[in-house]
Amino acid sequence: PMRVVAETLGCTVTWDEQNQAATMTNDARTMTVHIGTDRYVSAAAHDTGVIGMTSPTALGCAPYVDDAYRTWIPVKAFQILGGYGVTIDDSEATI
């Protein structure tokens, strides 16, 4: 789940009900994901005063919201957010 992992990593997470989008921000980068859209882009966080973003990347799975209102994203999205190494093997993913 996006919020649990992001907040564990020290990120801030917000939800935009009108646009069905979740945004996570760390000290340097921000990423907004739209439910149902397999497109992940990270940009410089507003507070840094830096301009720039990554190229849009598809990860093969669009963000979705489950019955408990949790937003799920692929773990590789944390690599795109920037600064997080992600390792995936047969039984687990590590950030």
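Residues meeting the salt bridge (charged side-chain N to carboxylate O under 4.0 Å, His left out) test with R70, sequence neighbours left out: D66.
No side-chain heavy atom of D89 sits under 4.5 Å from any side-chain heavy atom of T87. Taking 4.5 Å as the limit, every side-chain heavy atom of T57 sits out of range of all side-chain heavy atoms of V41. For the pair Y40/P74, a side-chain contact is recorded, criterion being any heavy-atom separation below 4.5 Å from C-beta on. The shortest distance between side-chain heavy atoms of L81 and M24 falls below 4.5 Å. Put simply, the side chain of I80 reaches to within 4.5 Å of the side chain of M31, judged on heavy atoms. Residues V13 and T23 fail the side-chain proximity criterion, which asks for heavy atoms closer than 4.5 Å.
Side chain of Q20 to main chain of E17: a donor-acceptor pair is present (N/O by atom type, distance under 3.5 Å, no hydrogens or angles).
Annotation: side-chain hydrogen bond (donor to acceptor under 3.5 Å, both in side chains) contacts involving residues 74-86, sequence neighbours excluded, comprise N26-Y84.
Listed here is the closest heavy atom pair of D38 and A62: N-CB, 3.7 Å.
In this structure, OH in Y64 is found 10.0 Å from OG1 in T71, a value given to the nearest 0.5 Å.
T25 pairs with exactly one of T12, T32, T14, T30 by the side-chain hydrogen bond (donor to acceptor under 3.5 Å, both in side chains) rule, that one being T30.
The cluster map of Ile, Leu, Val, Met, Phe, Trp and Tyr, joined by side-chain heavy atoms under 4.5 Å apart, puts L59 and V86 in the same cluster. Both V5 and V75 belong to a single network of hydrophobic side chains, linked directly or stepwise wherever heavy atoms of I, L, V, M, F, W or Y lie under 4.5 Å apart. Grouping the Ile, Leu, Val, Met, Phe, Trp and Tyr side chains by contacts below 4.5 angstrom, directly or via other members, places I88 with L9.
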